[in-house]
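Below: one structure, written as structure tokens.
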2 protein chains.
Amino acid sequence: MGRGKIEIKRIENSSNRQVTYSKRKNGILKKAKEITVLCDAQVSLIIFAASGKMHDYISPSTTLIDILERYHKTSGKRLWDAKHENLNSEIERIKKENDGMQIELRHLKGEDINSLNYKELMGLEEALENGLQSIREKQA
Amino acid sequence: MGRGKIEIKRIENSSNRQVTYSKRKNGILKKAKEITVLCDAQVSLIIFAASGKMHDYISPSTTLIDILERYHKTSGKRLWDAKHENLNSEIERIKKENDGMQIELRHLKGEDINSLNYKELMGLEEALENGLQSIREKQA
DNA sequence: ATTGCTATGTATAAATT
DNA sequence: TAATTTATACATAGCAA
């Protein structure tokens, strides 16, 4: 819609991309406001630029939370439950990572090593010797 | 944008309102898709007609949940209930713990020790020597 | 109600400042 | 680099089927 026709594909020139983003973002926000007023619609529009900057519009007659509740009811798509599950599984994942590191730390400090086999002990010893050497070089 | 200019105020004729809604809704959805592709933007757009019908578009590179999370982070506006807040803060807490352990592990392996002061290095050396001793006792 | 048409108003790509 | 201008492409209001 300008001096030249453009293909709808990623604008490679980053400066042009940024300018186009800014203009079109304003255009969409305006359209969202207009349909809200003209047609009694309720709109939630959230845009993130590649840069991370955010712009949003929520029709004044409602709230984002209300829209999301209706979205959930209408589409049947889970938002909150899924979110909970995601958070829980992330906690699980991090806790496992955590436990692993805790065990490794204890081993490096010479604790709980009864369960280790010979090979594991050798590896541990080597790691410790390497660590000591690094530190002594640093102190020297 | 048509045969005549219109004021941006509620269209009183309900049939016209419906037609305009349908056309403009398509227009906005198209624009949302375009800015997504042209500018690497991430868009979440949810529209409810007065009739209750819903239409939505979420940029394919993301999810509504992800957008809402970023919205929450960016705007500071609460969307999630207390439970979410709790889960989030637990994740934060564990991640911090995690980071701390990771640093400690690296130090025990003799990595990233340039930032340590003399006293810290001495403590580290002692810990490593103790660890080594425990392991050698075990091997003996 | 939905679709297609088309004259006209808008949005905007490129140029300019 | 950012704001302004302008020519052009696009979106759409009113109409018709």
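In what follows, every heavy atom counts, from backbone to side chain, and hydrogens, waters and symmetry copies are set aside.
Under the rule for a side-chain hydrogen bond (donor to acceptor under 3.5 Å, both in side chains), the partners of A/Arg24 that lie at least two apart in sequence or sit in another chain are B/Glu34. Here B/His55 pairs with nothing under the ring pair (Phe, Tyr, Trp, His ring centres under 6.0 Å) rule; sequence neighbours left out.
Nucleotide D/dA13 holds its C1' atom 17 Å from the NZ atom of B/Lys25, rounded to whole Å.
Using a 4.0 Å cutoff on non-hydrogen atoms, the parts of residues 10-24 of chain A near DNA chain C are A/Thr20, A/Lys23, A/Arg24, ordered by number. Applying a 4.0 Å cut-off to non-hydrogen atoms, the residues of residues 1-9 of chain A that approach DNA chain D are A/Met1, A/Gly2, A/Arg3, A/Lys5, listed by residue number. Residues from residues 38-60 of chain A with heavy atoms under 4.0 angstrom of DNA chain C: there are none.
Side-chain atoms of B/Asn130 and A/Lys109, non-hydrogen and from C-beta on, never get closer than 4.5 Å to each other.
For the helix from C/dT2-D/dA17 to C/dT17-D/dA2, the rotation axes defined at the first and last 5 base pairs enclose an angle of 30°, given to the nearest 10°.
Screening residues 81-117 of chain A for ring-ring contact (aromatic ring centres under 6.0 Å, His included), with sequence neighbours left out, gives A/His84-B/His84. Residue pairs that meet the salt bridge (charged side-chain N to carboxylate O under 4.0 Å, His left out) test with at least one member in residues 59-82 of chain A, sequence neighbours left out, are A/Arg78-A/Glu85. Identified under the salt bridge (charged side-chain N to carboxylate O under 4.0 Å, His left out) test for residues 113-127 of chain B, with sequence neighbours left out: A/Arg136-B/Glu125. Legend: salt bridge (charged side-chain N to carboxylate O under 4.0 Å, His left out) pairs involving residues 39-57 of chain B, not counting sequence neighbours, sorted by first then second residue: A/Arg10-B/Asp40.
Between B/Phe48 and B/Tyr21, the closest heavy-atom pair is C-OH, 3.9 Å. Annotation for B/Leu45 and B/Leu29: closest pair CD2-CD2, 3.8 Å, computed over non-hydrogen atoms. Looking at every heavy atom in both residues, A/Leu128 comes nearest to A/Leu108 through CD2-O, 3.3 Å. Nearest heavy atoms, B/Gln42 versus B/Thr62: NE2-CB, 3.8 Å.
Side-chain atoms of A/Thr74 never come within 3.5 Å of backbone atoms of A/Tyr71 as a donor-acceptor pair (strictly under, hydrogens ignored).
Linking Ile, Leu, Val, Met, Phe, Trp and Tyr residues whenever their side-chain heavy atoms come within less than 4.5 Å places B/Ile58 and A/Leu79 in a single cluster.
Taking the 5' to 3' direction, DNA chain C first and last meets chain A under 4.0 angstrom from a heavy atom at C/dA11 to C/dA15.
Screening B/Val43, B/Leu68, B/Ile46 for a side chain to side chain contact (heavy atoms under 4.5 Å, CB included) involving A/Ile46 leaves a single residue, B/Leu68.
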Contacts under 3.5 angstrom, residues 93-100 of chain B side chains, donor-acceptor by atom type, not counting sequence neighbours:
from    : atom 1 : to      : atom 2 : distance (Å)
B/Arg93 : NH1    : B/Glu97 : OE1    : 3.3
B/Lys95 : NZ     : A/Glu90 : OE2    : 3.4

